[in-house]
Amino acid sequence: MIEVKGLTKSFKNKVAVEDVSFSVDCGEVLGLLGPNGAGKTTTIRILATVLKPDAGTAWVAGEDVCENPAAARKKIGVLTSEVGLYERLTAREILKYFGQLHGMNMGMINDRIEEMVELLDMGDFIDLRAGTFSTGMKRKVAIARTILHDPPVILFDEPTAGLDLMAALAIYRFVHRCREEGKAVIYSTHIMGEAARLSDHLAIIDNGKIVGRGKLQTLEEKLGVSGLEQVFLRLVGEEVETSSSNSLV
Ligand SMILES: Nc1ncnc2c1ncn2[C@@H]1O[C@H](COP(=O)(O)OP(=O)(O)OP(=O)(O)O)[C@@H](O)[C@H]1O
Ligand SMILES: [Mg+2]
């Protein structure tokens with residue numbers, strides 16, 4: 001459902017993503033882990049057709065993100081921690097606007113909004129202006145916006161950053177639901193517990209390169225360590241130390 005082949009992207013002389021390849025099937029969650037600046041957001045932005053890669057490409061639900069970005073975009077929902085909402089619009093108006101952008105008709109949009117209100121418990125604020133919302137309320141509107149057009153591929157980039165436990169749990173339930181519905185999911189996070197709990201497979205990225213890929217158990221066995229934190233440290237620990245000492249020079 002998601003196929004990434006040899007993605008490479010540089011900004012000026014900084015290689016952000018280098019020869020990244022992986023795939024995600026229907027009903028599968030790939031946990032994308034890596035230290036700050038590793039290339040996670042860049043990879044997700046390329047998949048979401050926001051950035052063009054210098055080399056390589058990716059397919060989402062059969063659509064080439066470089067050759068058919070408009071078609072690919074229809075198959076994708078993206079959820080990040082930076083929720084930009086039009087503050088003067090109500091949650092319902094925001095969702096209607098996005099539904100129209102996705103080419104949905106009004107009947108379909110209204111039906112989906114009712115489903116979202118129920119799924120995400122938004123009844124109390126669906127007709128209030130977004131400018132008055134708490135972070136958790138904004139995130140719910142963002143989730144609804146992400147899945148309004150029912151895309152088969154969902155990309156999460158640190159979706160729980162800044163959320164309290166209850167709101168984070170709502171996101172975890174949402175990820176489980178996506179998996180049950182057979183969606184292909186990429187979940188990028190810094191939180192090891194979150195990644196271990198939600199992911200079927202892991203891809204660990206460091207300095208733009210994939211340094212480990214597979215099921216947690218397989219990686220544990222290969223490296224002879226126990227737990228995702230140890231796996232992560234074994235795969236990126238040295239590089240983290242080197243790069244931080246370099247940055248002090
Ligand atoms: N628009 C940009 N212009 C210049 N450099 C960029 C740009 N976007 C990303 N980079 C650089 O590319 C590298 C990868 O950044 P990216 O945001 O993909 O990392 P990340 O893994 O998402 O990090 P974090 O965990 O901090 O979110 C970094 O060195 C970053 O400074
Ligand atoms: Mg990022």
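What you see is a predicted model; the values in this text were computed from it and never measured.
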Name each donor-acceptor pair under 3.5 Å that joins a side chain in residues 33-49 to protein atoms two or more places apart or in another chain, with its distance.
unit_1	atom_1	unit_2	atom_2	d
Asn36	ND2	His190	NE2	3.4
Lys40	NZ	Gly34	O	2.8
Lys40	NZ	Pro35	O	3.1
Thr41	OG1	Asp157	OD2	2.7
Thr43	OG1	Gly39	O	2.7
Thr49	OG1	Arg73	NE	2.8

Please tabulate, one pair per line, all N/O donor-acceptor pairs under 3.5 Å involving side-chain atoms of residues 119-130, not counting sequence neighbours.
unit_1	atom_1	unit_2	atom_2	d
Asp127	OD1	Arg92	NE	2.8
Asp127	OD2	Arg92	NH2	3.1

Sequence neighbours excluded and cut-off under 3.5 Å, please list the side-chain donor-acceptor pairs for residues 162-173, or say none.
unit_1	atom_1	unit_2	atom_2	d
Asp164	OD1	Met166	N	3.2
Asp164	OD1	Ala167	N	2.9
Tyr172	OH	Glu194	OE2	2.8

What side-chain donor-acceptor pairs closer than 3.5 Å can you find for residues 11-26, not counting sequence neighbours?
unit_1	atom_1	unit_2	atom_2	d
Ser21	OG	Gly6	N	2.9

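Met192 and Ile186 are assigned to two separate hydrophobic clusters, defined by single-linkage of ILVMFWY side chains at heavy-atom distances under 4.5 Å. Residue Leu235 is not grouped with residue Ile205 when hydrophobic side chains (ILVMFWY) are merged at heavy-atom distances under 4.5 angstrom, including chains of intermediate members. The cluster map of Ile, Leu, Val, Met, Phe, Trp and Tyr, joined by side-chain heavy atoms under 4.5 Å apart, puts Tyr97 and Met137 in the same cluster. Under the 4.5 Å side-chain heavy-atom criterion for ILVMFWY residues, no single connected hydrophobic cluster contains both Leu233 and Ile210. When hydrophobic clusters are built by joining Ile, Leu, Val, Met, Phe, Trp and Tyr residues whose side-chain heavy atoms come closer than 4.5 Å, directly or via intermediates, Val4 is grouped together with Val60.
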With side chain to side chain contact (heavy atoms under 4.5 Å, CB included) as the test, would you mind laying out the steps for Val65 and Thr57 before giving the verdict?
CA-CA 7 Å; Val65 298; Thr57 192; 4.2 Å; yes
Just do the salt bridge (charged side-chain N to carboxylate O under 4.0 Å, His left out) check on Glu115 and Arg112 with the steps written out, would you?
CA-CA 5 Å; Glu115 275 179 53; Arg112 276 297 276 174; 2.9 Å; yes
Derivation and outcome, side chain to side chain contact (heavy atoms under 4.5 Å, CB included), residues Leu30 and Asp200:
CA-CA 6 Å; Leu30 176 82; Asp200 299 300; over 6 Å; no
Any chance you could lay out the side chain to side chain contact (heavy atoms under 4.5 Å, CB included) test for Lys9 and Leu51, step after step, and finish with the verdict?
CA-CA 9 Å; Lys9 174 76 186 173; Leu51 279 177; 4.3 Å; yes
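In this structure, Ile109 and Met106 have side chains that are in contact, with non-hydrogen atoms separated by less than 4.5 Å. Side-chain contact between Leu228 and Leu202 is present, with heavy atoms from C-beta onward closer than 4.5 Å. At least one side-chain heavy atom of Ile147 sits under 4.5 Å from a side-chain heavy atom of Met116. Pro152 has its side chain within reach of Met1: a pair of non-hydrogen atoms, C-beta onward, lies under 4.5 Å apart. Between Leu79 and Leu155, the closest side-chain pair of non-hydrogen atoms is not below 4.5 Å. In this structure the side chain of Arg177 reaches within 4.5 angstrom of the side chain of Glu181, judged on heavy atoms. You'll find the side chain of Ile204 reaches within 4.5 Å of the side chain of Phe232, heavy atoms only. Side-chain contact between Ile113 and Lys96 is present, with at least one heavy-atom pair separated by less than 4.5 Å.
Other residues, nucleotides and ligands place more than 12 heavy atoms under 6.0 Å from the NZ atom of Lys52. When the shell of 6.0 Å around CD of Glu229 is examined, it contains 12 or fewer heavy atoms from other residues, nucleotides or ligands.
Residues forming a salt bridge (Lys or Arg N to Asp or Glu O under 4.0 Å) with Glu3 (at least two apart in sequence, or on another chain): Lys5.
The CD1 atom of Ile154 lies 8.0 Å from the CG atom of Asp150; values are rounded to the nearest 0.5 Å. Remark: Leu85 CG to Ile94 CD1 distance equals 4.5 Å, nearest 0.5 Å. For the atom pair NZ (Lys222) and CZ (Arg234), the distance works out to 13.0 Å, reported to the nearest 0.5 Å.
In this structure a side-chain-to-backbone donor-acceptor pair under 3.5 Å is present from Asp64 to Glu67. The backbone N or O of Ser188 sits nowhere less than 3.5 Å from a side-chain atom of Glu158 that would complete a donor-acceptor pair. A donor-acceptor pair is defined here as one N or O able to donate and one able to accept, closer than 3.5 Å; such a pair exists between the side chain of Ser199 and the backbone of Ala195. The backbone N or O of Glu63 sits nowhere less than 3.5 Å from a side-chain atom of Asn68 that would complete a donor-acceptor pair.
Judged as a ring-ring contact (aromatic ring centres under 6.0 Å, His included), the pairs with a partner in residues 140-161 (not counting sequence neighbours) are, in order, His102-His149, Phe156-Phe174, Phe156-Tyr187.
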